[in-house]
**Q** 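One structure is given below, represented as structure tokens, and several questions about it will come after.
Keep in mind that what you see is a predicted model, and the values were worked out from it rather than measured.
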Amino acid sequence: MVIAVAAMVTGCASLPPLEGRAESHAIAAPGGTRLAHAIAPLARAHPASSGVHALASATDAFAARMLLASAAESSIDVQYYIWRGDNTGYLLLEALRDAAERGVRVRLLLDDNGIRDLDETLAVLDAHPAIEVRLYNPFASRSLRSLGYFGDFKRLNRRMHNKSFTVDGVATIVGGRNVGNEYFGAGDETLFADLDVLAVGDVVAEVGAAFDLYWNSASAYPASLLLAPATREGTQRLEEKFSEVRAEPRSQAYLDAVRNTALVRQLLAGELSVEWAVAHVTRDDPAKTLDETERRDLLLLTDLVAAFGRPRRSFDLVSPYFVPGEKGVATLGALARSGVATRVLTNSLAATDVAAVHAGYSKWREPLLRAGVRLYELKSLAGIEAARGSGKKPPGGSSPESLHAKTFASDRERIFVGSFNFDPRSALLNTEMGVVIQSPKLAARLSEALDARLAQAAYELRLTPSGAIAWVERTPEGAEVLHEDEPDTTMLKRAWIGFLSWLPIDWLL
């Protein structure tokens, strides 16, 4: 009874009005900053192009964000779905605060579903004169927040899944990683094998424009309208938290890695190896969050189809949460039947962190295989080098891995890197963003990485003569081992997935 009343009260809570909220926009790239000075000559030598550097290593991905924040002199715009209150989360928050102390304008836009237990921290940061925090599609009540779904499910079920980190209007990081230990290999939790790109040049302004669109949207609420005001005690607790996190051995290992990486030093010296290519941002319109008319012109998926066209020779898709549905199966199957070499890499049941998504995917394996699509599932304990494509072992040690990268390449000519999963949630519910890069070199690199590593890092799925699915594991010696059941799983877990697959929940996945 108490829970029911609490749910009713929480569900009926309303959001504050946005009247008087000030608009702000990306600061045009100033010419005098260190980053601008280093990048400007390269950009002039490659007009109408962008320089792209892939961040496959978890350590490099963290270091790039920390070092860009430390190099900032004008502005930092940050947009994320999840920001954990853990080692890497607090180290990056401290880096943003330190930038603000130098006079850098910091805008932090976070989805309200992914900031558990950070209300006081964000209130303190928001009180800094150079920092503004906004919460996207927020819960009206800060206590018992999940109960808000009872009264406002349709709105709260739509989340901002975008991820970008832009500094001084001249360098940006876009990709699949959220902010948290599991995304940067800093903890004992499952390590998400992921991919970001560090970009300079023309595409940075497009990322800035996309950020502004979300920042000034009807779903972005100033934190000051929702959070309790910062107190002197809260400020002191945050300073103590920063010191405590910095002193932890796990943090020290990561800070040492930041000090040792040459990534941003090479960028500032104009020596970083980047691929210059035409690149464009694709993103959902934030109006999608409140839309009730199912307008297709708001969708990133519409832009992606236009940008990629129809593959002629090959299509490689990497998606951790892969729920193709009837339309996806028809599209991928038509490609395969027309002679396009079509490969999909997703998580195995043992590797996935969301069992319900695997249930939504598993029912489509057989029709995909019958159509000629080659399916691969990442092993639960694939080696770090095989799964991430990097010889660098993160300071946190070796943890079980789960695929989290979202990327695909067409004809070894075009590649997408971003937050978009090949599932109904990304297509129709959440907002997403990424970059489409017209680069044969980068697109071929993804395909070549799959060629080289799938045999050891993943199971290949095949149909047996009886029509059943088998999981093919290749040994280092090249022999094949066939598994009749999903490897490294229990009968109970497989039964649970089978039950979930019968439920009509694909539209939520």
**Q** Is E432 reaching over with its side chain to a backbone N or O of G418, donor-acceptor style, under 3.5 angstrom?
**A** no
**Q** So with a 6.0 Å cut-off around CZ of R116, is the heavy-atom count from everything else above 12?
**A** no
**Q** Is there a side-chain contact between N216 and R134 (heavy atoms, below 4.5 Å)?
**A** yes
**Q** Would you mind checking if D423 and K406 are paired as a salt bridge, meaning a charged N to carboxylate O distance below 4.0 Å?
**A** no
**Q** Taking R313 for the side chain and D411 for the main chain, is one N or O donor matched with an acceptor at less than 3.5 Å?
**A** yes
**Q** At their closest point, which heavy atom of L508 faces which heavy atom of L429, and how far apart are they?
**A** CA-CD1, 4.4 Å
**Q** Could you tell me which non-hydrogen atom of N347 sits nearest to which non-hydrogen atom of L403, and how far apart they are?
**A** OD1-N, 2.7 Å
**Q** State, without any angle test, whether S219 and N137 hold a side-chain donor-acceptor pair at a distance under 3.5 Å.
**A** no
**Q** Between the main-chain N or O of G89 and the side-chain N or O of D86, is there a donor-acceptor pair closer than 3.5 Å?
**A** yes
**Q** Can V435 and V281 be said to form a side chain to side chain contact (heavy atoms under 4.5 Å, CB included), step by step?
**A** CA-CA 4 Å; V435 289; V281 169; 4.1 Å; yes
**Q** Before giving the answer on salt bridge (charged side-chain N to carboxylate O under 4.0 Å, His left out), spell out for E460 and R374 the whole-Å C-alpha distance, their side-chain angles and the decisive distance to 0.1 Å.
**A** CA-CA 8 Å; E460 181 176 4; R374 299 187 69 179; 3.0 Å; yes
**Q** May I ask you to decide if S426's main-chain N or O and N421's side chain share a donor-acceptor pair within less than 3.5 Å?
**A** no
**Q** Atom CZ of F315 and atom OG of S447: how far apart are they, to the nearest 0.5 Å?
**A** 10.5 Å
**Q** What is the distance from atom CG of L332 to atom CZ of R337, rounded to the nearest 0.5 Å?
**A** 10.0 Å
**Q** Given 3.5 Å as the limit, does a donor-acceptor pair link the side chain of S419 with the main chain of M433, or not?
**A** yes
**Q** Run the salt-bridge test on R283 and E206 with the 4.0 Å N-O cut-off and return the result as yes or no.
**A** no
**Q** Whether E366 and R370 form a salt bridge (side-chain N of Lys/Arg under 4.0 Å from carboxylate O of Asp/Glu) is what I want to check.
**A** yes
**Q** Within the structure provided, determine whether H280 and Q438 are in side-chain contact (heavy-atom separation under 4.5 Å).
**A** no
**Q** Less than 4.0 Å between a side-chain N and a carboxylate O, is that true for R259 and D256?
**A** yes
**Q** Between L428 and L299, is any pair of side-chain heavy atoms under 4.5 Å apart?
**A** yes
**Q** Is any side-chain N of the basic residue among E413 and R312 closer than 4.0 Å to the acidic one's carboxylate O?
**A** yes
**Q** Using every non-hydrogen atom in the two residues, find where W83 and L118 come nearest and quote the distance to one decimal.
**A** O-CD1, 3.2 Å
**Q** Quiz question: by atom type and distance under 3.5 Å, do the side chains of Y214 and D284 form a donor-acceptor pair?
**A** no
**Q** Listed by chain and number, what are the ring pair (Phe, Tyr, Trp, His ring centres under 6.0 Å) partners of F420, not counting sequence neighbours?
**A** none
**Q** I'd like to check F211 versus T166 (side-chain heavy atoms, cut-off strictly below 4.5 Å). Are they in contact?
**A** no
**Q** Please answer whether the main-chain N or O of A220 pairs with a side-chain N or O of R21 as donor and acceptor at a distance below 3.5 Å.
**A** yes
**Q** Could you check, using the six-membered ring where one of them is a Trp, whether F308 and F408 have ring centers closer than 6.0 angstrom?
**A** yes
**Q** About how many Å separate CG of D111 and CG of N178, when rounded to the nearest 0.5 Å?
**A** 9.5 Å
**Q** Check this for me, if you would: do D196 and R177 make a salt bridge, where the nitrogen-to-carboxylate-oxygen distance has to be below 4.0 angstrom?
**A** yes
**Q** Could you report the tightest heavy-atom contact between A279 and I437, atom names first, then the distance?
**A** CB-CG1, 4.2 Å
**Q** Using side-chain heavy atoms (C-beta onward) and a distance below 4.5 Å, is L108 in contact with L93?
**A** yes
**Q** Between K379 and A351, which heavy-atom pair has the shortest distance, and what is it?
**A** O-CB, 3.9 Å
**Q** CD1 of I115 to OH of Y80: how many Å apart, nearest 0.5 Å?
**A** 15.5 Å
**Q** Quick one: do V318 and L446 satisfy side chain to side chain contact (heavy atoms under 4.5 Å, CB included)? Show the steps, please.
**A** CA-CA 9 Å; V318 178; L446 172 63; 4.2 Å; yes
**Q** Only one of N113, T431, N162 forms a side-chain contact (heavy atoms from CB on, under 4.5 Å) with Y136, so which one is it?
**A** T431
**Q** Do side-chain atoms of T331 reach the backbone of K327 as a donor and acceptor pair under 3.5 angstrom?
**A** yes
**Q** Report yes if some heavy atom in the side chain of E326 is under 4.5 Å from a heavy atom in the side chain of V329; otherwise report no.
**A** no
**Q** Of all the heavy-atom pairs spanning R105 and S24, show the shortest one and how long it is.
**A** NH1-CB, 4.2 Å
**Q** When you compare the side chain of H53 with that of L263, does any pair of heavy atoms fall below 4.5 Å?
**A** yes
**Q** Quick one: ring pair (Phe, Tyr, Trp, His ring centres under 6.0 Å) partners of H404, sequence neighbours excluded?
**A** Y183, F192
**Q** Could you walk me through whether F62 and L92 pass the side chain to side chain contact (heavy atoms under 4.5 Å, CB included) test, one step at a time?
**A** CA-CA 9 Å; F62 177 74; L92 276 167; 3.9 Å; yes
**Q** Hey, is R84 close enough to E182 for a salt bridge, meaning N to O under 4.0 Å?
**A** yes
**Q** Would you check if the side chain of T346 reaches a backbone N or O of S319 as a donor-acceptor pair within less than 3.5 Å?
**A** yes
**Q** Measure the spacing between CG of L96 and CG of L91 and express it to the nearest 0.5 Å.
**A** 11.0 Å
**Q** Check whether any side-chain heavy atom of T289 lies under 4.5 Å from a side-chain heavy atom of M160, and answer yes or no.
**A** no
**Q** About how many Å separate CG of L110 and CG of L135, when rounded to the nearest 0.5 Å?
**A** 7.0 Å
**Q** Run the numbers on R159 and D112 for side chain to side chain contact (heavy atoms under 4.5 Å, CB included), then give the verdict.
**A** CA-CA 8 Å; R159 307 312 318 174; D112 197 34; 4.0 Å; yes
**Q** For a side-chain hydrogen bond (donor to acceptor under 3.5 Å, both in side chains) check, start with the C-alpha distance between S74 and D168, then their side-chain angles and the critical distance, and finish with the verdict.
**A** CA-CA 5 Å; S74 174; D168 286 355; 4.5 Å; no
**Q** Counting heavy atoms not belonging to H25, are there more than 12 under 6.0 Å from its NE2?
**A** yes
**Q** Under a 3.5 Å cutoff, is there a donor and acceptor pairing between the side chains of S50 and D202?
**A** no
**Q** Test your reading of the model: is there a side-chain donor-acceptor pair from K363 to the backbone of Y361, 3.5 Å cut-off?
**A** no
